[in-house]
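Everything on this sheet refers to the single structure shown next.
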There are 2 protein chains.
Amino acid sequence: MISRSQPIELTERAQHLLKVLIERYIEEGQPVGSRTLARNAGLNLSPATVRNVIADLEEMGLVTSPHTSAGRVPTVKGYRLFIDSLLSVKPLEQALTQKLWEDFNAQEDPQELLKTASRLLSSLTHMVGVVTLPKRQQLAFRHIEFLPLSQGQVLVILVTEDREVHNRIIRPSRPFTSAQLQQAANYLNVHLKGKRLTELRMALFDELQQTGEQISAEIKSVLEMAKSVLEFGPEEDFVLTGRTNLMDFSELADHERLRSLFEAFEEKRNLLHLLDQCIEAEGVQIFIGEESGYQPLEQCSLVTRSYAVENRAFGVLGVIGPTRMHYESVIPLVDVTAKLLSHALNQKLMPPS
Amino acid sequence: MISRSQPIELTERAQHLLKVLIERYIEEGQPVGSRTLARNAGLNLSPATVRNVIADLEEMGLVTSPHTSAGRVPTVKGYRLFIDSLLSVKPLEQALTQKLWEDFNAQEDPQELLKTASRLLSSLTHMVGVVTLPKRQQLAFRHIEFLPLSQGQVLVILVTEDREVHNRIIRPSRPFTSAQLQQAANYLNVHLKGKRLTELRMALFDELQQTGEQISAEIKSVLEMAKSVLEFGPEEDFVLTGRTNLMDFSELADHERLRSLFEAFEEKRNLLHLLDQCIEAEGVQIFIGEESGYQPLEQCSLVTRSYAVENRAFGVLGVIGPTRMHYESVIPLVDVTAKLLSHALNQKLMPPS
DNA sequence: GTTTGGCACTCAAATAGGAAGAGTGCTAAC
DNA sequence: GTTAGCACTCTTCCTATTTGAGTGCCAAAC
């Protein structure tokens, strides 16, 4: 978890100047000088006075200057303080919330819902939208189907509570007839319904241990098959939208940086790991620049929030963009999108029936 | 289809010089001047003579010069002539072919096979590998399953001959009980097995028309449901690997160009359309630069070949890279990869059984 | 008539030298 | 504590100027 910046003793005025400086920098993208800051702060201070204050802020590591004759730019530490204590997030416009809600309701398929969420995030922020797929292991069992293929192979089709269809080809240790497979599926469909896949694995394991002799060899081998099905590899995934948006930001224009960023997107693994860390967090979670500890994201910030069905965290959604982003509006957007997605999923998956 | 360049009357010598020029340019990436060319052609000609010949080639539109004091660079027309008549493709190394074959055989899942193909293409060429998924419509029916959801919705799971599992949520016009759905699936599984999806749509349509009164209302509505299932949207797809490789090429380093290229990759639609054009072509198909007619690929070439199962073209695979690519080795690689993939798919999907 | 050396010419890329402008830090005065 | 003043430091933007690669053309050589 990200440690909140420990309270720094800053005069009211210094805080205000830092806030204005960061806001201005986020808006313009240029280092902010004392003259501009003095004009914008509305405090009737001369540039010279502002310089004194800013010099203190620099000493504290909240701002730096790219070179002697440039203005100041916030550091990660500065952004952190800004976000934690200076930022005034305004709630999302009602009309926009409404629009989001309608977009979500236009989708039937839960998978489409996730894509829509990602698309919305990227198009509204002009940055990258990301939504992780629900972790299979956390999902509840809904239906299973065995389809015999040639050479003793079996195509297993597993439907989880989120209506997602997973499939995999396995090679059971002993051959089954088509009828046997059918029977096995029926058996499992009755007995496993509604259980979570993780629990299921445990349960099957126990059952195989304990009732070793009491149950028929056939059932035993079916259970073994079922168990092998649940051992999914780590093929979890996420939806990423608007990658190319990042090419518009001058701070990421460097070829090497951009390249490593795009490679990170293709690689998925590390990024997914990072996102997984956010799943248990309450509310909006933010990694600023190097805070993520992931080198390709060095110049980027990640704003996330988990989405949930029936209060179980299903996955994470968020926005990736340059450190210099409009947190003021991104944070509420991510917040609301996650809430609406959760709500929509709840409606689709847990209908009043 | 790409029109082969009509035979141009070129002296032996001019052809040879063009060939050397292009080879050299592909190798070095720098415009080739008369001095270098004279040295490399092995013809014992003076630069001045070479200049005369090259001037002719320029007049014919086979080469241009970026500016007065630079050497010459091949044009699309030049590349075309080079590939069609000057290029001597050497067969792939035996060892490499062997390695490819082993990589393919390590995969069970057909879908993984396609990914592997794409990965191999991109990693061996340091460019982008692309493999289209088999066109659903062309595939044969294997199995169908109806799973009742809430609110009268039905999750349809369709397995095609390539063992791919397609799913979709539909809302039938009349409600079905669980047992009815089971029965319907059984019926369809028996009657539709092995038929192609396109044919199937036609057949179902006909059946619904003709035997309007003879069949029971229930069967009729099942058929209607089946038909609606087959009306897949145009969600065809492809696997793309190694996008970031393109960032290494100086000729694509321009930000705008790169951006539009990556957008094209995200958009998929137009690129897919282009790839579809290649599916019926015999052997390796090449689009050089603007030949593709797709603006983002202006500076790129596309080398493709279709892959097939039982002599039915299933999909297309290929490589996307800068126009200035090493055709000499890319062409045989794409050729062999397609053949091996076809072969591997045949083995997996059409086992001797 | 093909080939070649010679030569003037063109243009991109690299280098160097200011000049302008923004912003700082420090000091001394208010 | 605040401010004006000023010297100083850098970046950015011009503008020559040079260098070098390569061309095109012509007249001579083969």
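All values derive from a computational prediction rather than experimental measurement.
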### Message
Restricting to salt bridge (charged side-chain N to carboxylate O under 4.0 Å, His left out), what partner residues turn up for Arg259(B), sequence neighbours left out?
### Response
Asp248(A), Glu263(B)
### With Ser34(B) via side-chain contact (heavy atoms from CB on, under 4.5 Å) - residues at least two apart
Pro47(B), Val50(B), Arg51(B)
### Gap between atoms CD1 and P, on Ile54(A) and dC26(C) respectively (whole Å)
15 Å
#### Entry: Pairing residues for Asp56(B) by the side-chain contact (heavy atoms from CB on, under 4.5 Å) criterion, not counting sequence neighbours
Met60(B)
### Query
Between dT3(D), dG25(C), dT3(C), which nucleotide gets closest to the side-chain atoms of Thr49(B)?
dT3(C)
Under-3.5 Å N/O pairs linking protein and nucleotides 25-30 of chain D:
none

#### Entry: N or O in side chain of Arg72(B) less than 4.0 angstrom from dA21(D) OP1/OP2
no
### Message
Glu27(A): which residues meet the salt bridge (charged side-chain N to carboxylate O under 4.0 Å, His left out) condition with it, sequence neighbours left out?
### Response
none
### Summary
Sorted by chain and residue number, the side-chain contact (heavy atoms from CB on, under 4.5 Å) partners of Ser118(B) (sequence neighbours excluded) come out as Val131(B), Val239(B), Thr241(B)
### Query
Does Glu298(A) have any salt bridge (charged side-chain N to carboxylate O under 4.0 Å, His left out) partners at least two apart in sequence or in another chain, and if so, which?
none
### Task
Under 4.0 Å from any atom of DNA chain D, heavy atoms only: list the residues of residues 16-47 of chain A that qualify, in numerical order.
Asn44(A), Leu45(A), Ser46(A)
### Message
List the residues meeting side-chain contact (heavy atoms from CB on, under 4.5 Å) with His67(B), not counting sequence neighbours, and say none if there are none.
### Response
Ser69(B), Ala70(B)
### Task
Report the residues that fulfil ring pair (Phe, Tyr, Trp, His ring centres under 6.0 Å) with Phe82(B), sequence neighbours left out, ordered by chain and then residue number.
none
#### Entry: Glu267(A): partners by salt bridge (charged side-chain N to carboxylate O under 4.0 Å, His left out), with sequence neighbours left out
Arg269(A)
Contact list (N/O, under 3.5 angstrom) for nucleotides 9-13 of chain C vs protein:
unit_1  : atom_1 : unit_2   : atom_2 : d
dC11(C) : O4'    : Thr68(B) : OG1    : 3.3
dC11(C) : O2     : Ser69(B) : OG     : 2.9

### Query
Less than 4.0 Å between a side-chain N and a carboxylate O, is that true for Glu251(B) and Arg257(B)?
no
### Query
Tell me: CG of Leu57(A) to P of dG25(C), nearest whole Å?
12 Å
